[in-house]
Amino acid sequence: LQEWHELAGDEREWAADELRKLAKTVDPSLDGLKEILTHDYTVNEQIRGLEYTVRTKAAAHRKARQTAAEAAAKAGEPPPLAEEKSLILPAVIESEPQLESLVKTLTEFLHTFRAGQRLRITCQLQHHDAAHSSKAGN
C-alpha cells in the first residue's frame, strides 16, 4: 500500500506483527490442505481489515499535517525548511540494474513526500562519457 510510508514506525510495527500472526503451519497432508483452505477466508478478512486500518490512519495523518500547515500559515509562520537532496541522473541507461537503482531512489523520494516531509531535490545530468568511463574503470 502506498499509505504504508505515511504511518509512524510503531504503527508499521503493529501492522507487521498482525500480519505475522496470520501465518499458519500445517501438516503436509490432505488434512493440512483442508485446514489452510478453511483458514483462507479468515486470513483474507483480517488482511482487508488491516488494509482499512492502514488507509484510515494514513488519511488521519495527512489531515493532521494539512491542519497544522494551515494553522501555521494563518499564524504567519514560514513552512518548515525542505531537506536538500541531490540526484544524479544518467544521460543513458544501459542496464536493468542502472534503471532499478534510479527507480529505487525515486521511490524513496516519493515515500518521503507521501509521509508529509518536505524535500528539495536538485537533479544533475551525468554525461554519457563520464558514466561510460567510470564503468570502464571498474
Peer 1: With E51, which residues qualify under salt bridge (charged side-chain N to carboxylate O under 4.0 Å, His left out), at least two apart?
Peer 2: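 Once residues adjacent in sequence are excluded, the partners of E51 under the salt bridge (charged side-chain N to carboxylate O under 4.0 Å, His left out) criterion are R55.
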
Peer 1: If you look only at pairs with a residue in residues 76-93, which of them pass as a salt bridge (Lys or Arg N to Asp or Glu O under 4.0 Å), with sequence neighbours excluded?
Peer 2: E83-K85, E84-R120

Peer 1: According to side-chain contact (heavy atoms from CB on, under 4.5 Å), who are the partners of Q124, at least two apart in sequence or on a separate chain?
Peer 2: I88

Peer 1: Sequence neighbours excluded, which residues qualify as salt bridge (charged side-chain N to carboxylate O under 4.0 Å, His left out) partners of K74?
Peer 2: none

Peer 1: Quick one: side-chain hydrogen bond (donor to acceptor under 3.5 Å, both in side chains) partners of E100, sequence neighbours excluded?
Peer 2: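 So E100 forms no side-chain hydrogen bond (donor to acceptor under 3.5 Å, both in side chains) with any residue.
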
Peer 1: Checking one residue: V103. Which other hydrophobic residues are in its cluster under the side-chain 4.5 Å linking rule?
Peer 2: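 Reading the cluster by chain and number, V103 sits alongside L87, L89, I93, L99, L102, L106, F109, F113, L119, I121, L125.
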
Peer 1: In chain order, what residues pass the side-chain hydrogen bond (donor to acceptor under 3.5 Å, both in side chains) check against R12, with sequence neighbours excluded?
Peer 2: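 Partners of R12 under the side-chain hydrogen bond (donor to acceptor under 3.5 Å, both in side chains) test: none.
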
Peer 1: According to the ring-ring contact (aromatic ring centres under 6.0 Å, His included) rule, which pairs have a member within residues 67-87, sequence neighbours left out?
Peer 2: none

Peer 1: So, using side-chain contact (heavy atoms from CB on, under 4.5 Å) as the criterion, who are the partners of A8 when residues are at least two apart?
Peer 2: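 Counting only residues at least two positions away or on another chain, A8 forms a side-chain contact (heavy atoms from CB on, under 4.5 Å) with D10, E11.
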
Peer 1: Go through the structure and list residues passing salt bridge (charged side-chain N to carboxylate O under 4.0 Å, His left out) with D17, not counting sequence neighbours.
Peer 2: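 R20.
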
Peer 1: Apply the hydrophobic cluster definition, ILVMFWY joined by side-chain contacts under 4.5 Å directly or through others, and give me every member besides Y52.
Peer 2: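 Traced through the cluster, Y52 reaches no other member.
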
Peer 1: Output all residues satisfying salt bridge (charged side-chain N to carboxylate O under 4.0 Å, His left out) with K24, sequence neighbours left out; order by chain, then residue number.
Peer 2: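 Counting only residues at least two positions away or on another chain, K24 forms a salt bridge (charged side-chain N to carboxylate O under 4.0 Å, His left out) with E35.
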
